[in-house]
Amino acid sequence: MSPETLVAGLLIVVGIAGVVVPVLPGLVLVLAGVAVWAVPRGDALGWAVLGIATGIVVLGSVAKYLLPGRRLRDSGVPGRTIAAGAVLGVVGFFVVPVVGLFLGFVLGVYLAELARLRGNGQAWPSTRQALAAVGWSIVIELFTGLLAAAAWIGGLVLS
């Protein structure tokens with residue numbers, strides 16, 4: 001097994017882990033791993049695998065933002081609520097490493113909806129909708145990373 005293949009595999013594994021633990025740029029690392037394997041090869045198989053993986057990552061990245069965002073708009077959660085969640089998520093990340101991002105996001109969404117809707121009974125369903133959208137975003141990104149990894153594995157098998 002070549003050093004490029006080992007580095008590529010390591011980058012892909014770390015990238016997939018980065019999807020679940022949002023400290024690392026997951027899909028970027030997965031695509032970088034495929035490129036580390038494909039570019040030095042310089043053959044048609046390498047370029048084809050890199051092209052397929054790039055297409056998968058681009059489509060998955062678009063879907064990651066469009067599909068959950070549409071569900072949020074349809075449920076009536078405003079963009080400023082998501083922005084408040086994002087801001088408190090970033091603050092939470094530095095206050096409580098790793099899990100603070102998630103906790104801050106939830107708290108930010110809940111507080112923004114509590115201020116907007118003036119009641120716990122109305123704020124909590126909106127918060128659940130926002131959490132479901134974030135969950136779908138993570139699932140889409142994870143599936144995208146796994147598909148790109150599968151393309152790479154297919155290239156390894158064919159080479």
Side-chain angles (χ1 to χ4, degrees), residues 1-75 77-106 108-109 127-159:
M1 189 175 298
S2 72
E4 291 90 5
T5 303
L6 290 174
V7 171
L10 182 63
L11 281 170
I12 290 169
V13 168
V14 170
I16 289 172
V19 169
V20 179
V21 181
V23 177
L24 303 169
L27 292 180
V28 172
L29 289 174
V30 170
L31 195 55
V34 174
V36 162
W37 174 81
V39 172
R41 291 177 56 93
D43 63 358
L45 177 64
W47 290 114
V49 169
L50 182 58
I52 291 167
T54 301
I56 290 168
V57 168
V58 167
L59 289 174
S61 296
V62 169
K64 170 184 143 179
Y65 291 107
L66 288 182
L67 298 176
R70 183 175 180 182
R71 288 187 71 190
L72 281 177
R73 277 193 308 278
D74 291 348
S75 70
V77 177
R80 67 180 177 272
T81 295
I82 301 304
V87 167
L88 276 182
V90 170
V91 171
F93 175 76
F94 291 106
V95 174
V96 182
V98 182
V99 297
L101 181 68
F102 177 75
L103 296 174
F105 177 78
V106 173
V109 168
T127 304
R128 280 198 334 257
Q129 286 289 336
L131 289 175
V134 169
W136 274 111
S137 177
I138 292 170
V139 167
I140 291 167
E141 188 174 2
L142 181 61
F143 184 69
T144 299
L146 291 172
L147 274 178
W152 174 70
I153 291 169
L156 283 177
V157 170
L158 292 174
S159 65

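In what follows, every heavy atom counts, from backbone to side chain, and hydrogens, waters and symmetry copies are set aside.
Annotation for Ala148 and Val57: closest pair CB-CG2, 4.2 Å, computed over non-hydrogen atoms. Nearest heavy-atom pair across Ala8 and Gly33 is CB-O, 3.0 Å. Across every non-hydrogen atom of Pro40 and Ala35, the tightest pair is CD-O, 3.8 Å. The two residues Gly145 and Val30 make their nearest non-hydrogen contact at O-CG1, 3.9 Å.
Sorted by first then second residue, the side-chain hydrogen bond (donor to acceptor under 3.5 Å, both in side chains) pairs that include residues 3-12, not counting sequence neighbours, are Ser2-Glu4, Ser2-Thr5. The side-chain hydrogen bond (donor to acceptor under 3.5 Å, both in side chains) pairs that include a residue from residues 127-136 number zero, where partners must be two or more places apart or lie in different chains. Legend: salt bridge (Lys or Arg N to Asp or Glu O under 4.0 Å) pairs involving residues 77-94, not counting sequence neighbours: none detected. Residue pairs meeting the side-chain hydrogen bond (donor to acceptor under 3.5 Å, both in side chains) criterion with at least one member in residues 15-32: none, sequence neighbours excluded. Among pairs with a residue in residues 141-150, those fulfilling salt bridge (Lys or Arg N to Asp or Glu O under 4.0 Å) read Lys64-Glu141, at least two apart in sequence or across chains. Evaluation of the side-chain hydrogen bond (donor to acceptor under 3.5 Å, both in side chains) test over residues 34-56, restricted to residues two or more places apart or in two chains, returns Arg41-Asp43.
To the nearest 0.5 Å, atom CD1 of residue Ile56 and atom CD1 of residue Ile52 are 7.0 Å apart.
By the side chain to side chain contact (heavy atoms under 4.5 Å, CB included) test, Val14 pairs with Leu10, Leu24, Leu29, sequence neighbours left out. Legend: residues meeting side chain to side chain contact (heavy atoms under 4.5 Å, CB included) with Leu67, ordered by chain and number and at least two apart, are Ala63, Ile140. With sequence neighbours excluded, no residue forms a side chain to side chain donor-acceptor pair (under 3.5 Å) with Ser137. A search for side chain to side chain donor-acceptor pair (under 3.5 Å) contacts involving Thr144 returns nothing, not counting sequence neighbours. Every residue meeting the side chain to side chain contact (heavy atoms under 4.5 Å, CB included) condition with Ala149, not counting sequence neighbours, appears here in chain and number order: Ile12, Ile16.
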Between side-chain atoms of residues 151-159 and protein atoms elsewhere (two or more places apart, or another chain), which donor-acceptor pairs fall under 3.5 Å?
unit_1: Ser159; atom_1: OG; unit_2: Gly155; atom_2: O; d: 3.4
unit_1: Ser159; atom_1: OG; unit_2: Leu156; atom_2: O; d: 3.0

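Annotation: side chain of Leu50 is in contact with side chain of Leu31 (closest heavy-atom distance under 4.5 Å).
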